[in-house]
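Notes to accompany the following structure.
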Amino acid sequence: MSAPTAPAGATGAAGIAPGVSAGPSAPAAPPALTPVFLRIKLSLLRNGLKGSSKRKAAYFSTLAFALVVGFFMTLGLALLHGNAHAGTVVVLLAGILALGWAFMPLFFPAGDETMDPSRLVMLPLRPRPLVRALLATSLVGIGPLFTLCLAVGSVTAVARGAAGAVAAVVAVPLLLLGCVTLARAVATANVRLLTSRKGRDLALLSGLVIAVGAQLANFASQSLFQAGGVTALEPVEAVVRWLPPATAVGMVDSVGEGAYGRAAAQLVLSVAAVAGLLWSWERSLTKLMVTPDGSTIAASGPVKNRGGADSGFWSLMPGGRTGASMQRTLRYAVRDPKTKSAWVTALAIGVIVPVFNALQGTGSVYLGSFGAGMLGVQMYNQFGQDTSAFWMVAQTISSTRDAYVELRARAAALALVVLPYTVLVTAVTAALVDDWQAFPAGVGVALALVGSMLCTGALASARFPYSIPTDGAFKNVAPGQGGLAWGGIAAGMLMSALVSAPVIALTIWLNMAEHRDVSWIVLPVGVAWGWLAAWAGLRLAAPTVARKLPEILSAVSKG
């Protein structure tokens with residue numbers, strides 16, 4: 001028997017007669033991916049700030065600093081409006097922004113789980129919607145906000161007339177999207193490289209090359225400015241304005257000059273570059289999601305005996321807890337890819353800056369302190385470098401004495417490398433600038449700075465610990481702890497300068513009073529002052545470590 005026919009107008013809202021089954025219901029449409037990822041990003045940020053007033057203060061102070069600096073830079077760029085060299089400045093700035101976005105996330109990351117595509121390989125997600133979602137989450141953060149400020153200031157500096165204003169409105173999102181997309185495309189293309197053990201060792205070399213290249217660019221720009229100021233950079237700007245995403249700013253400048261054909265070509269290049277980067281990103285993401293990772297398969301063959309703790313160089317270490325802690329710290333620097341990268345970069349840049357300045361005729365023996373400062377930063381966040389394995393160390397700390405011995409051993413391991421390195425770099429610089437008379441004072445100032453950084457580094461490790469994740473190639477700070485990390489390092493470096501100020505002041509006075517013949521006295525003063533500062537810092541930090549050990553363990557284990 002057929003079902004009765006419902007009278008006209010008796011159908012429901014969906015056009016189905018009441019009481020009549022519509023058959024199997026259609027599956028509900030999945031939610032849009034972009035809003036989900038945005039909520040995840042905001043939740044990770046909010047949850048990372050919970051339960052710690054220090055993290056909140058560090059994050060919001062970092063945000064405030066970025067906003068203040070961004071505001072004044074935007075204002076400064078806007079004041080260039082009408083200047084003959086405004087186009088050169090802003091186009092080169094756009095190129096530097098793009099270069100920074102391409103490489104900085106690889107080596108100085110502070111991202112979160114939504115930025116790491118390797119976490120998503122087991123989820124049933126299509127690449128194109130995933131690209132849109134990841135792009136949206138990439139636009140949320142302090143970095144994109146700061147870039148947006150610079151983009152607005154750059155286009156304001158070169159926009160002229162109604163046509164220029166319209167071009168500026170188009171150029172700002174093109175520049176921002178170009179920078180962010182470039183960063184994500186490079187990061188995704190290298191995710192497998194940096195997540196494998198051997199790959200991260202190769203990435204260490206590439207990071208070193210980039211660091212050296214940045215210093216070369218810095219010294220090249222100094223030479224150009226000395227040769228003729230901003231005018232000397234115009235040939236470089238003429239090339240950069242045709243390299244996306246700097247072409248977006250170049251387009252605004254071209255429109256202001258009335259070169260509409262050139263502006264149209266630059267607009268096409270900008271749009272094509274963003275589209276090409278999105279396509280490359282999607283392709284890399286697809287390959288990542290469907291290709292098995294064989295980079296970490298163990299090589300066949302017998303395991304080689306690497307030597308025990310009592311063989312070779314390690315036999316020179318002292319016994320007991322001190323020797324064990326020193327060995328652990330030094331082995332991390334040799335074997336852990338992230339720690340190794342930080343050490344090698346610091347060692348390389350610490351030599352490059354004083355040597356290159358000396359070769360350019362602007363060097364000084366006292367620039368040897370730069371290398372000491374670069375290595376001194378490694379003292380900060382000592383417990384975070386252990387990652388979740390710190391709980392094993394924490395089991396052995398039951399008193400202030402235990403905490404002091406642990407911190408002292410870590411400082412001694414760092415000093416074992418820093419002290420000869422500092423003397424060597426200062427000696428090389430003194431030879432290049434031919435100023436051996438200032439060599440003792442240069443070493444004294446550098447060693448005073450080393451002791452001051454060991455002091456403040458121990459205090460920062462005790463009061464501002466943060467986690468260094470082990471499962472992400474692009475994260476050196478756990479979500480929500482980025483502001484805490486940078487704030488602790490910045491405050492520690494400022495305090496180091498203040499602690500070593502008496503030795504620096506003595507050196508300045510001896511030079512200004514033309515007492516260079518007795519400047520050698522800075523060497524013993526610097527050694528004594530550095531030792532005293534390091535000892536005081538370790539003594540002050542030890543009770544805090546013993547008292548706040550559970551909090552430190554919780555903070556460094558979040559990654």
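Computed over heavy atoms, backbone and side chain alike; hydrogens, waters and symmetry mates excluded. Computed from a predicted structure; not experimentally measured.
- Here the CG atom belonging to Asn357 is positioned 11.0 Å from the CG atom belonging to Leu432, to the nearest 0.5 angstrom.
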Query - Steps toward side chain to side chain contact (heavy atoms under 4.5 Å, CB included) verdict (Val186, Trp101) - result: CA-CA 9 Å; Val186 172; Trp101 272 96; over 6 Å; no

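- Every residue was checked against the ring pair (Phe, Tyr, Trp, His ring centres under 6.0 Å) condition with Tyr332, not counting sequence neighbours, and none meets it.
- Annotation: ring pair (Phe, Tyr, Trp, His ring centres under 6.0 Å) contacts involving residues 401-433, sequence neighbours excluded, are absent.
- How far OG of Ser519 is from CG of Leu506: 9.5 Å, rounded to the nearest 0.5 Å.
- Atom CZ of Arg328 sits about 11.5 Å away from atom CE of Met326, to the nearest 0.5 Å.
- Shown here are the side chain to side chain donor-acceptor pair (under 3.5 Å) partners of Ser496, two or more places apart in sequence or in another chain: Tyr380, Thr456.
- Under the rule for a side chain to side chain donor-acceptor pair (under 3.5 Å), Gln378 has no partner lying at least two apart in sequence or in another chain.
- Scored by the side-chain contact (heavy atoms from CB on, under 4.5 Å) test, Leu63 finds Phe60, Leu67, Ile142, Leu145 as partners (sequence neighbours excluded).
- Atom CE of Met493 is surrounded by 12 or fewer heavy atoms from other residues, nucleotides or ligands within 6.0 Å.
- Between Asp386 atom CG and Arg410 atom CZ the span is 4.0 Å, to the nearest 0.5 Å.
- Going from atom CG of Leu498 over to atom CG of Leu494 covers 5.0 Å, rounded to the nearest 0.5 Å.
- For residues 429-451, the side-chain hydrogen bond (donor to acceptor under 3.5 Å, both in side chains) pairs, not counting sequence neighbours, are Asp435-Arg516.
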